[in-house]
Amino acid sequence: MNTTTTATPWPAASVLDGAYKKASWHLIPFIFICYFFNYLDRVNVGFAKLEMLDALHLSNTVYGLGAGIFFIGYVLSGVPSNLILHKIGARRWIATMMVAWGGLSACMLFVHNPTSFYVLRFFTGVAEAGFFPGMVLYFTHWFPAQKRGQVMALFMSAIPISGLVGGPLSGWMLQHFSAGQAGMAGWQWLFLLQGLPTVILGVAVYFYLNDGIAQAKWLSADEKAAMQAALAGDEQQRQANSDAGQTFSSVVRNGNVWMLGVIYFCIQMGVYAINFWLPSIIKSLGYQSAVTVGWLSAIPYLCAAFFMVWAGRSADQRRERRLHVSLPMLMGLTGLMMAANFSSSPVIVIAGLSMATMGALAALAMFWSLPAAFLGSAAAAGGLALINSLGQIAGFVSPFLVGWIKDATQSTDTALYILSSVLLLGAILVLRVPAKLVNR
């Protein structure tokens with residue numbers, strides 16, 4: 001009798017481990033590709049700037065405003081988009097969003113003045129708004145808190161990979177199509193060829209993804225039961241530890257949720273400065289070839305890809321979340337300070353940008369283990385979208401701030417100092433998040 005009792009948990013653990021591996025291989029590579037093209041849209045705007053501004057006679061301030069206005073649409077649509085996803089299911093809503101933003105991104109080739117630039121960027125932001133918080137919510141339907149650090153790091157490594165691949169690819173496209181093939185400039189081909197694959201992937205999402213464990217025909221009945229039991233236990237622990245409540249109205253009234261939104265804003269201030277201005281900063285070092293700028297801009301993203309995966313594994317193994325967010329933010333601060341203080345040395349600037357990219361992107365991935373660890377399932381759809389929307393305000397503020405300072409001073413150094421201060425504030429606030437809520 002004692003033997004039977006002690007033996008029973010082991011097959012269940014074995015089944016659960018096998019189910020997690022199967023779910024990881026089935027979901028993460030495909031969602032990674034989707035997020036890769038989602039983030040490629042942020043990278044290609046930075047590269048299109050190298051030609052588009054001169055071709056359309058736009059200033060850096062206009063570019064910064066156009067790059068940032070995307071996030072006004074994004075912030076306004078984030079919460080309602082995630083609530084729709086929660087209501088109708090991830091498969092249909094993510095497919096719809098991807099077809100919409102892929103088509104709008106491709107239509108950027110028709111930009112001919114500031115107004116058309118602003119309008120297309122705004123509606124692209126509306127279309128993309130629910131994708132990322134929807135994916136964070138989607139993973140909570142498959143993996144418990146102790147598994148999500150590594151899952152989020154693998155998923156979000158699409159950000160540096162999009163920079164790693166997108167930089168050289170975008171540089172090559174600008175050069176290859178510089179002859180104006182089919183009457184279009186290189187920057188127009190860039191938007192077209194990087195927007196259409198997203199439309200195709202959106203159609204694939206409808207047929208490939210499942211809304212949850214119950215619909216996954218590729219899992220056995222035992223695997224489904226084991227995963228659902230693990231999620232039920234995780235949800236019970238979240239409700240016991242959380243003071244966020246189980247409704248969206250209670251989430252809105254919770255101080256920790258708003259503090260997390262401010263922390264995410266601080267992280268994104270650094271991330272978007274890197275995304276939108278990295279090619280321009282490298283070009284200002286004296287590199288005029290778009291291909292050279294593309295390859296050099298890949299170095300920071302390559303370093304970040306490895307560091308993010310390591311950080312995710314470390315956070316899960318140690319069951320420690322706060323330091324895995326705050327320390328990378330301090331790395332980002334240090335890297336930006338290096339780039340600002342040694343702007344005459346290309347080697348030190350690229351090393352500083354690499355450290356800044358590693359820190360900012362690792363903090364971005366590790367951050368999402370904080371809210372997902374204590375928001376109950378009933379509140380997660382609105383809560384995660386609210387935090388994401390607050391953070392994405394940085395997507396408007398950061399590029400506009402850098403562009404305005406660049407026009408006013410002919411340098412990005414002052415902007416890098418300001419962004420470093422914001423990252424420091426965020427790193428301090430992370431340590432105010434109650435450890436008992438997130439360290440599991």
Here the gap from L419 atom CG to Q268 atom CD, rounded to the nearest 0.5 Å, amounts to 12.0 Å
I need the S354 OG to L296 CG distance, nearest 0.5 Å.
10.0 Å
Counting only N and O atoms by type, is there a donor-acceptor contact under 3.5 Å from the side chain of T334 to the main-chain atoms of L330?
yes
Answer with yes or no whether the side chains of N388 and Y74 bring together a donor and an acceptor at under 3.5 Å.
yes
For side-chain contact (heavy atoms from CB on, under 4.5 Å), just list the numbers for I393 and F71, CA-CA rounded to whole Å, side-chain angles, deciding distance to a tenth of an Å, and then say yes or no.
CA-CA 6 Å; I393 295 171; F71 294 95; over 6 Å; no
One pair to check against side-chain contact (heavy atoms from CB on, under 4.5 Å): L323 and S326. What are the steps and the verdict?
CA-CA 5 Å; L323 291 178; S326 61; 3.9 Å; yes
Can you name the closest pair of heavy atoms from S389 and V75 and give their distance?
O-CG2, 3.2 Å
Would you say S420 and Y417 make side-chain contact, with heavy atoms under 4.5 Å?
no
Pairwise side-chain contact, M331 with F307, heavy-atom cut-off 4.5 Å (strictly under)
yes
Taking the side chain as C-beta and beyond, is there a heavy-atom pair between W258 and V262 under 4.5 Å?
no
Do L260 and F367 have side chains that get closer than 4.5 Å, going by heavy atoms?
yes
Can you give me the closest heavy-atom contact between Y264 and I387, atom names plus distance?
CD2-O, 3.7 Å
Do F110 and S116 come close enough that some side-chain heavy atom pair is under 4.5 Å?
no
Any donor-acceptor pair under 3.5 Å linking the side chain of N38 with the backbone of C34?
no
Hey, would you say the Y20 and W142 ring centroids sit under 6.0 Å apart?
no
How many angstroms lie between atom CD1 of I33 and atom CD1 of I28, to the nearest 0.5 angstrom?
12.5 Å
Could you report the tightest heavy-atom contact between V430 and R322, atom names first, then the distance?
CG1-O, 3.3 Å
Rounded to the nearest 0.5 Å, how far apart are CE of M259 and CG of L370?
9.5 Å
Under the rule for side chain to side chain contact (heavy atoms under 4.5 Å, CB included), what residues qualify as partners of M156, not counting sequence neighbours?
Y35, F132, M152, I159, M308, L364, A365, W368
From NZ (K224) to CG (L219), nearest 0.5 Å
6.5 Å
Can you confirm whether the side chains of R318 and S314 place a donor and an acceptor under 3.5 Å from each other?
yes
Shortest non-hydrogen separation from I267 to L423 and the atoms involved:
CA-CD2, 4.1 Å
Check: G78 main-chain N/O paired with S81 side-chain donor or acceptor under 3.5 Å:
no
For Q215 and N210, which heavy atoms make the closest approach, and how far apart are they?
O-ND2, 3.2 Å
Sequence-distant partners of L56, side chain to side chain contact (heavy atoms under 4.5 Å, CB included), two or more places apart:
M52, L58, V111, W187
Considering only heavy atoms from C-beta outward, does the side chain of T292 approach that of K283 to under 4.5 Å?
no
Any sub-3.5 Å donor-acceptor pair from Q181's side-chain atoms to H176's backbone N or O?
yes
Is the shortest side-chain heavy-atom distance between Y138 and L209 below 4.5 Å?
yes
Q175 side chain vs W172 backbone, donor-acceptor pair below 3.5 Å:
no
Answer yes or no on whether R91 is positioned over the face of Y206, meaning its NZ or CZ is under 6.0 Å from the six-membered ring centre and within 45° of the axis.
yes
Which class fits the ring pair Y208 and F30: parallel under 30°, tilted 30 to 60°, perpendicular over 60°?
tilted
Nearest heavy-atom approach of V126 to S77 is CG1-OG, 3.4 Å
Using the benzene-type ring in the case of Trp, are the ring centres of F70 and F122 under 6.0 Å apart?
no
With a 4.5 Å cut-off on side-chain heavy atoms, are M98 and E128 touching?
no
Any sub-3.5 Å donor-acceptor pair from R432's side-chain atoms to I428's backbone N or O?
no
Just verifying a value: how many Å separate L109 CG and L193 CG, rounded to the nearest 0.5 Å?
9.5 Å
Going by atom types alone, do Y118 and N113 pair a side-chain donor with an acceptor below 3.5 Å?
no
